[in-house]
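Heads up: the structure comes next, in structure tokens.
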Amino acid sequence: MEKPIKKGILLVSFGSSVPSSKVALENMHREVKKSFPGTKIQWAYTSAFIRKKLREQGEAIDSPVVALSKMADDGYTHIAVQSMHTIPGLEYDYLLQTVKGITEIPKGPVKVKVGRPLLYSHQDIELAVDAMIANFPERELNEGVVLMGHGTPHFSNVFYPALNYYFAEKTDGVFLATVEGFPTIQDIIVKLKRNKIDKVFLMPFVSVAGGHVKNDMCGDDQGSWYHLLTSAGVKVECILKGTGEINEVVSIWVQHLKDAFYSL
């Protein structure tokens with residue numbers, strides 16, 4: 001006999017153990033719930049390190065494979081898995097492989113679809129850029145915005161330099177650097193000098209204001225972007241607000257989830 005259809009949603013992010021990151025995660029959950037009232041929404045984190053750290057703090061978050069297995073055991077036959085990552089990088093590849101493996105289990109869910117991450121197409125980038133610009137603070141002449149992306153050794157790092165092109169087409173004085181990829185903050189400091197920008201608003205282009213934002217972007221360490229920029233003579237104002245707190249950005253993830261959910 002065929003199982004009765006039971007649809008569920010699994011939201012998958014890299015994860016964070018920093019308490020302030022919950023603001024973005026809760027907002028993302030709230031925005032998804034608005035579009036899918038009555039549908040069970042679960043979470044999973046792809047980072048084993050973050051899951052371990054959270055367990056030590058008394059909070060249990062499953063990996064995608066465990067979360068999907070539990071949902072199958074609970075009778076979910078159709079599951080929309082939404083990648084809450086920024087780019088289709090290593091974590092997204094891992095998620096696709098996980099879903100492929102789980103759907104090959106004989107008693108697993110009937111159908112699983114993976115929603116695209118935030119940036120996947122030309123249209124996604126345009127929407128994200130517009131959403132960010134709408135949430136920039138007002139700037140005076142010679143003031144800019146520097147965004148912090150994560151960066152990756154994966155070929156999808158090309159999204160980050162591409163974003164600089166997209167921002168330049170729509171506004172002046174906006175630059176994106178990465179923590180672990182290209183361009184670097186040193187690359188951007190050169191551009192700030194060239195453009196005679198003497199003050200910047202430093203903002204994350206990651207979903208949550210977690211460890212990278214608190215430490216690498218605006219930390220007290222000499223290697224932080226705040227320190228490097230001020231040492232280069234640039235005044236800095238930090239805005240600790242992940243993209244998961246910006247509803248115009250979250251709406252892109254939600255649309256990708258709708259595409260996955262309604263194709264089940």
Donor-acceptor under 3.5 Å ([X] side chain, [Y] main chain):
| X | Y | value |
| --- | --- | --- |
| Asn157 | Gly181 | no |
| Thr178 | Phe182 | yes |
| Ser69 | Val65 | yes |
| Asp73 | Lys70 | no |
| Ser224 | Gly219 | yes |
| Lys6 | Asp74 | yes |

Count the heavy atoms of every other residue, nucleotide or ligand shown that sit under 6.0 Å from [atom1] of [X], and state whether that count exceeds 12.
| X | atom1 | value |
| --- | --- | --- |
| Phe136 | CZ | yes |
| Lys113 | NZ | no |
| Lys100 | NZ | no |
| Leu96 | CG | yes |
| Lys191 | NZ | no |
| Asp172 | CG | no |

Looking at [Y] and [X], is any side-chain nitrogen of the basic one under 4.0 Å from a carboxylate oxygen of the acidic one?
| X | Y | result |
| --- | --- | --- |
| Asp198 | Lys235 | no |
| Lys53 | Glu56 | no |
| Lys22 | Glu59 | yes |

Where do [X] and [Y] come nearest, in terms of heavy atoms and distance?
| X | Y | result |
| --- | --- | --- |
| Ile5 | Thr77 | CA-OG1, 3.3 Å |
| Ala260 | Val114 | CB-C, 4.1 Å |
| Leu119 | Ile125 | CD2-CA, 4.0 Å |
| Gln82 | Arg116 | NE2-O, 2.7 Å |
| Val208 | Val213 | O-CG2, 3.8 Å |
| Val254 | Ser35 | CG1-OG, 3.5 Å |

| request: On the 0 to 90° scale, with breaks at 30° and 60°, tag the Tyr262-Phe36 ring pair as parallel, tilted or perpendicular. | output: parallel
| message | Suppose we call two aromatic rings close when their centres sit under 6.0 Å apart. Are His150 and Tyr160 close by that rule? | response | no
Supply the atom-to-atom distance [X] [atom1] to [Y] [atom2], rounded to the nearest 0.5 angstrom.
| X | Y | atom1 | atom2 | result |
| --- | --- | --- | --- | --- |
| Gln57 | Lys52 | CD | NZ | 11.0 Å |
| Ile9 | Gln42 | CD1 | CD | 10.5 Å |
| Ile50 | Ile61 | CD1 | CD1 | 11.0 Å |
| Asn142 | Glu140 | CG | CD | 10.0 Å |
| Phe155 | Leu90 | CZ | CG | 9.5 Å |

| query | Would Glu143 and Ile197 count as a side chain to side chain contact (heavy atoms under 4.5 Å, CB included) if you check the C-alpha gap in whole Å, the side-chain angles of each, and the deciding distance to 0.1 Å? | reply | CA-CA 6 Å; Glu143 292 184 348; Ile197 293 173; 5.6 Å; no
| field | Pairs satisfying disulfide (SG to SG under 2.5 Å), at least one member in residues 173-247, at least two apart | value | Cys218-Cys238
| request: For Val146 and Ile185, run side chain to side chain contact (heavy atoms under 4.5 Å, CB included): C-alpha distance rounded to whole Å, both residues' side-chain angles, the deciding distance at 0.1 Å, then the answer. | output: CA-CA 9 Å; Val146 174; Ile185 187 60; 4.0 Å; yes
| field | Stepwise ring pair (Phe, Tyr, Trp, His ring centres under 6.0 Å) check, His78 with Phe261 | value | CA-CA 9 Å; His78 294 64; Phe261 188 88; 9.5 Å; no
| Cation-pi, Tyr76 ring and Lys40 (6.0 angstrom, 45 degrees) | no
| field | Test side-chain hydrogen bond (donor to acceptor under 3.5 Å, both in side chains) applied to His154 and Tyr92, step by step | value | CA-CA 11 Å; His154 192 274; Tyr92 181 68; over 6 Å; no
| Check: Asn27 and Glu31 side chains under 4.5 Å, non-hydrogen atoms | yes
| Non-hydrogen side-chain atoms of Lys170 and Val129 separated by less than 4.5 Å | yes
| Residues Thr243, Met132; criterion side chain to side chain contact (heavy atoms under 4.5 Å, CB included); working and verdict | CA-CA 8 Å; Thr243 55; Met132 293 302 296; 4.0 Å; yes
Joint cluster assignment, [X] & [Y], ILVMFWY side-chain distance < 4.5 Å:
| X | Y | answer |
| --- | --- | --- |
| Val12 | Leu25 | no |
| Ile41 | Leu10 | no |
| Leu192 | Trp225 | yes |
| Val206 | Tyr226 | yes |
| Leu202 | Val145 | no |

| said: If we check side-chain hydrogen bond (donor to acceptor under 3.5 Å, both in side chains) with Ser21, which of these qualifies: Ser16, Ser207, Ser13? | reply: Ser16
Please tell me whether [X] and [Y] have a donor and an acceptor in their side chains that are separated by less than 3.5 angstrom.
| X | Y | value |
| --- | --- | --- |
| Asp259 | Gln255 | yes |
| His227 | Asp220 | no |
| Asn215 | Asp221 | no |

| request: Apply ring pair (Phe, Tyr, Trp, His ring centres under 6.0 Å) to the pair Tyr45 and Phe14, showing each step before the final yes or no. | output: CA-CA 5 Å; Tyr45 290 170; Phe14 181 82; 8.6 Å; no
| request: Go through the steps to decide whether Leu11 and Met28 satisfy the test side chain to side chain contact (heavy atoms under 4.5 Å, CB included), and finish with yes or no. | output: CA-CA 9 Å; Leu11 304 180; Met28 293 157 94; 5.7 Å; no
